Amino acid sequence: MNSNKHKLYLFLLALMYGSMAVATGDHDHEAEKEALPATQHEALSEDAHGHEEEENTVHLSDEQRRTAGIVVETLEPKPVADEIEAPGEVTLNTYATSQITPRIEAQVVERYARLGDEVKKGQPLVLLSSATMAEAQGALLLAAKEWQRVKKLGKNVVSEQRYLESRITYQQAYSRLLAYGMTEKQANALVSNSAIGKADGSFTLLSPQDGTVIRDDFIIGQMVQPGDLLFEITDESSIWVEARINPAVMRQVHIGAAVRILSGNKWASGKVVQIHHALDEVTRTMAVRLEIPNPGDHLHPGQFVTARIETRQSDKAVLSLPTDAVMRSPDGDWQVFVEKEPGEYEPMEVEVVRQLPGLAIIEGLKPGTRVVTKGAFFVQSELAKSGFAVHNH
């Protein structure tokens with residue numbers, strides 16, 4: 001029994017001394033770390049930080065930058081224009097639109113143009129036939145023949161009254177044909193041929209302008225009345241947008257102001273050309289007419305768009321970038337790519353405080369910072385390939 005107590009006593013002593021040795025060893029290790037020079041601590045910290053920055057940096061060769069079209073610009077404060085946003089609807093530019101209608105009762109004999117056709121000024125559109133026109137054509141031929149005979153005889157042979165009556169009768173018959181829808185060229189051709197068989201009542205309506213046929217609601221053989229719409233032709237290279245503005249801000253809108261409209265995902269630029277001076281009875285808004293160049297024929301009457309009208313330039317200078325230069329980081333924050341040196345770019349988070357068409361107003365960077373303004377998507381994709389997330393604040 002005494003032997004067992006003795007063994008237990010030795011075991012407890014060994015355990016106690018072992019714990020003290022471990023504690024002493026840990027203390028000595030910490031002391032050794034504390035004994036390291038401060039410069040070595042700083043070097044270790046800088047090495048770790050530098051490694052992290054290296055991982056967040058994108059390096060591009062000269063060839064990569066040329067291929068991707070990378071453009072870097074110096075960020076400088078500058079004033080931007082305030083804008084009014086309003087809904088709008090695309091309409092025809094009625095100053096570049098024509099309607100082709102008969103002036104007398106007639107029957108459609110033949111069509112020469114169809115919906116969607118591009119036509120030129122003076123191009124034949126439709127052949128009509130009319131009893132009223134036939135009578136007028138016959139009267140012109142008779143009046144022309146009599147006037148030629150009287151004019152040839154001269155005032156020395158015929159009385160002055162007969163001379164004047166013949167001349168006036170011819171002029172009235174000629175003007176009647178023009179009033180019924182024939183052109184001067186067509187009327188002159190009829191008179192010069194002097195063929196009675198040509199007075200058959202047929203006549204051709206011509207296009208009064210270059211443009212596109214956007215309406216042709218008639219059929220062959222149809223009887224048409226004066227004023228019936230046969231064709232509508234418009235020049236779609238310029239289109240109108242009727243924007244609806246709150247009357248409270250109308251004083252900020254002026255003719256000639258720059259505008260942008262958004263249709264789908266495309267922006268188009270133009271200007272304010274007219275301002276209405278009466279409220280819409282239904283919407284209680286005022287209409288502002290915008291003129292938008294439409295060279296690609298992307299805009300068509302009836303489309304709804306969003307219009308943004310510049311009012312004035314703000315006196316406050318702000319930092320702004322093209323919207324394509326501001327990207328979403330993996331954690332959902334806005335970021336831009338800052339040039340550390342040529343070919344080396346680092347993502348930096350920014351705050352987008354306001355967005356304009358094609359422009360983002362930002363905060364979070366200092367003026368003078370060199371920022372990627374074109375090709376940011378390529379830089380971001382290269383960063384994604386490296387597998388590093390961005391969290392620079």
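What you see is a predicted model, and the numbers here were worked out from it, not measured in a lab.
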Looking at [X], I'd like to know if its [atom1] atom is crowded, meaning that more than 12 non-hydrogen atoms belonging to other residues, nucleotides or ligands lie closer than 6.0 Å.
X    : atom1 : value
R328 : CZ    : yes
E135 : CD    : no
Q225 : CD    : yes
R370 : CZ    : yes

Minimum heavy-atom distance between [X] and [Y], given as atom pair plus value:
X    : Y    : value
K120 : D210 : CA-OD1, 3.2 Å
L140 : A187 : CD2-O, 4.4 Å
A287 : R244 : CB-NH1, 3.5 Å
V273 : L290 : CG2-C, 4.3 Å
L127 : S202 : CD1-CB, 4.2 Å

#### Entry: Donor-acceptor under 3.5 Å (Q123 side chain, S207 main chain)
no
### Query
Taking D117 for the side chain and V119 for the main chain, is one N or O donor matched with an acceptor at less than 3.5 Å?
no
### Carboxylate-amine/guanidinium proximity below 4.0 Å for E165 and R162
no
Do [X] and [Y] have side-chain atoms, one donor and one acceptor, less than 3.5 Å apart?
X    : Y    : result
Q335 : E349 : no
H59  : E382 : no
E118 : T212 : yes

### Query
Please walk me through it: do R149 and E146 pass salt bridge (Lys or Arg N to Asp or Glu O under 4.0 Å)?
CA-CA 5 Å; R149 190 175 71 87; E146 174 65 13; 3.5 Å; yes
Side chains of [X] and [Y]: does their closest heavy-atom pair fall under 4.5 Å?
X    : Y    : value
V305 : V241 : yes
T204 : L128 : no
I245 : T285 : no
D235 : Q209 : yes

### Message
Does the structure place the NZ or CZ of R111 under 6.0 Å from the centre of the six-membered ring of F218, at an angle of no more than 45° from the ring's axis?
### Response
yes
### Message
Using a 6.0 Å distance limit plus a 45 degree cone around the ring axis, check whether R289 lies over the aromatic ring of W240.
### Response
yes
### Query
Between atom CG of D216 and atom CD of E232, what is the distance when rounded to the nearest 0.5 Å?
11.0 Å
### Task
Could you please spell out the steps behind the side chain to side chain contact (heavy atoms under 4.5 Å, CB included) verdict for L75 and I362?
CA-CA 10 Å; L75 195 60; I362 66 165; 4.1 Å; yes
### Trace of the ring-ring contact (aromatic ring centres under 6.0 Å, His included) decision for Y174 with W147
CA-CA 12 Å; Y174 185 88; W147 168 237; over 10 Å; no
